[in-house]
Amino acid sequence: MEAATFTSTTASSSTTSFSSFSSTSQSLRFLRYKPNAKPLNYKSSRTFSVRASADDSVVTLLDYGAGNVRSLRNAIKYLGFDIIDVHTPEDILKAKQLIFPGVGAFAPAMDVLNNKGMAEALCTYIEQDRPFLGICLGLQLLFESSEENGPVKGLGLIPGVVGRFDSSKGIRVPHIGWNALEIAKDIQILDDIGKSHVYFVHSYRAMPSDQNREWISSTCNYGDNFIASIQRGNVHAVQFHPEKSGDVGLSVLRRFLNPKSGKTQKLVQGNASKLAKRVIACLDVRTNDKGDLVVTKGDQYDVREHTKENEVRNLGKPVDLAGQYYKDGADEVSFLNITAFRDFPLGDLPMLQVLRYASENVFVPLTVGGGIRDFKDGNGRYYSSLEVASEYFRSGADKISIGSDAVYAAEEYLKSGVKTGKSSLEQISRVYGNQAVVVSIDPRRVYVKDPKAVEFKTVKVRNPGPNGEEYAWYQCTVSGGREGRPIGAYELAKAVEELGAGEILLNCIDCDGQGKGFDIDLIKLISDAVSIPVIASSGAGAVEHFTEVFRETNASAALAAGIFHRKEVPIQAVKEHLSKEGIEVRM
C-alpha cells in the first residue's frame, strides 16, 4: 500500500494527500453534519506517514481515561492483537485500525476530545472511510448532539440527537442487560450474532430517522426501536459492549480486527427476542485469619464457621471462581469486598489484583463493592470517592456498588432536600454516568402491628411476625449489617434514585443464607417504587426461587452466592428452568 502523507502547518491550513484510499472515502465527506465545517484545529510541526504495517495484529486504541477500558484491552489481547495507545491527534491519523471505547458521560468525553485536539483528527479519520469501531459512547459521540447534561455538541458525523430513554413507557432506565438485535444490514462483524443476546448498559440512545437510516446496521427494542449499531464503508460503531458480551461479543471484535480471516465457526444460536432476566453470581471476598484472600458466604451476614476454631468460611479463590462462573453462563459477576470498611480501598491491593486478573478471562460485566467513599489517610491526604471508584474502574470493574456511604447521603438529602453534589453517589454518577453506579441496600425486617405506628413505608407481609404482626418495614443498616439506621429501604431507594443511582442491589439480612427464597414482599415493594433496575438478592436455595421472584416482582436480575459456590444449584440449571417457564434468559 502506498504511503498516505499528512502535512499540517497551522490550525487554519492543512494539506492532505490520500492516493491510496478508495472513492468511497470521498463520498463520505459530505456526511459530516457541519455545513460550515472549519479546518482541522490540531497543531503539528512535523510530517508523518501512514503505511500498512507488516504486522496485521496491531490496533490503535483511543482511551481518554474514563471508566473501564481494561476489559476491552484484555479482549483485544485475548484475540491475539497488540495495542497502540493514542496520545496525540497525529496518533489517530496514523492508525491502521482504530477502536474508540467511549465510556462515561457525553459532555466530559467531548471536553477531552476538544481540549486535546482529537475531535477534528477523529472526524478526519472517519471521513476518510478508514477502519473504525466505536463502542457505546463511542457510537453516541458520532451524532450531532446529546441531551445528556446538555444539549452538548457531538462530532456531527451522523444526523440525529442522542436522547434519554423514556421511562414513562414502562421501561427501567438505565437500559442494563442482555437484549436482542434486529439486523438491518448483512455486514460481516455481525455475522455471528443472529438470535443471541448482547450486553447493553446506557441511559441515552440515538433514534432511527430518514436522515440517518442509511447508516443503521441493527436496532434494538427497549420502549422504542433505537440504533444498536451503525456501518458505512469501513466505519462501524455499536451501542452494546462486545467486550462484555461473551463469545458473541468476542466474535464481533475478531471480525472487525481481522476482516480477511474468512468464515469462522458459527456460534451456537440462541432464541433472543427481548431483554433477558439476568442471573448474577456474587462473590463475598475477604481475608481469612491467615491473610489469604478467599470467597466466603455469610449466614445472616455471619461469615465464620460455627466450630471451635471459628475460622472464616472458605469457599474458594475469587479469580478461579469468577472464571468458572463465566464459563457456566453467569450474566454478571459481582465482587463484594467485605473487609473494605476496615482498610483504605486504594491501599487494598489484593482486591485490585483480583479485578485485574479476573478481567483477563471474564468477558461479562464485573461489579465491585466495598469501601467506595471519601477518605483521609493517616498523613492527612484527602482522597475523594471519585478517585477510589476510578481506581476500581481502571482495574477492571464495569460498575461500582456503594453501600453505607449511600445511606448517609440519602439521610442527608431527605433531611435537607438539597443535592449537594458532594456525595460519592453524585460525584461518580456525574462523571461516569448513573449506569456505572449500583447502590447496595442491606435492610432488616421490623414487624409492626399498626402500619401507622411508624413513619416509614410498611408492607403487609405474607408470613406474620413472631407475635402475629401482619406488617413490617425494612430498616436499612450500615457497616455490614452491624448498625441500624433511621431510614427505611423504601425511602432509601427513592432517595438514591434521585441522587443518581443507576441500579439497586436489594439484599435482606433476614433471608441471607437461609435458602428459603427471596423476600418477595421487600423486592416487590422496592421494584414497584423505582424506575431503575432492581437486583434481587439473599435467600435463593432452589431454581424455583428464581422463577418466583421474576414472576411476582419487577426485579430485573437475581443474584445468588452460596448455592453456586457449594455447587448445590448450577447456574445453567437455573437458566434452563427459567427458560422452560417462559422467562427470557441468555443461554
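Hydrogens, waters and symmetry mates play no part in the numbers below; they use all other heavy atoms, side chains included.
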Quick one: closest heavy-atom pair of Val238 and Ser229, and the distance? CG1-CB, 3.8 Å
[X] with [Y]: basic N within carboxylate O range, under 4.0 Å:
| X | Y | result |
| --- | --- | --- |
| Lys575 | Asp331 | yes |
| Arg164 | Glu148 | no |
| Asp510 | Arg444 | no |
| Glu497 | Arg172 | no |
| Glu491 | Lys457 | no |
| Glu581 | Arg551 | yes |
| Glu360 | Arg70 | no |

Are [Y] and [X] an aromatic pair, judged by ring center distance below 6.0 Å?
| X | Y | answer |
| --- | --- | --- |
| Tyr408 | Tyr413 | no |
| His545 | Phe550 | no |
| His202 | Phe200 | yes |
| Phe240 | His175 | no |
| Tyr204 | Phe165 | no |

Does a side chain donor of either Tyr474 or Asp519 reach within less than 3.5 Å of an acceptor in the other side chain? yes
Answer yes if the side chains of Gln353 and Arg356 hold a donor-acceptor pair under 3.5 Å, and no otherwise.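 Indeed, the side chains of Gln353 and Arg356 share at least one donor-acceptor pair under 3.5 Å.
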With sequence neighbours left out, which residue pairs that include part of residues 512-535 fulfil the ring-ring contact (aromatic ring centres under 6.0 Å, His included) condition?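 Output for this query lists Phe518-Phe546.
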Heavy-atom count around Lys524 NZ within 6.0 Å, excluding the residue itself: above 12? no
Can you list everything that forms a side chain to side chain contact (heavy atoms under 4.5 Å, CB included) with Pro451? Sequence neighbours excluded, please. Thr458, Tyr471
May I have the list of side-chain donor-acceptor pairs in residues 553-560 shorter than 3.5 Å, sequence neighbours left out?
from: Thr553; atom 1: OG1; to: Val549; atom 2: O; distance (Å): 2.6
from: Thr553; atom 1: OG1; to: Ala555; atom 2: N; distance (Å): 3.1
from: Asn554; atom 1: ND2; to: Asp528; atom 2: OD1; distance (Å): 2.7

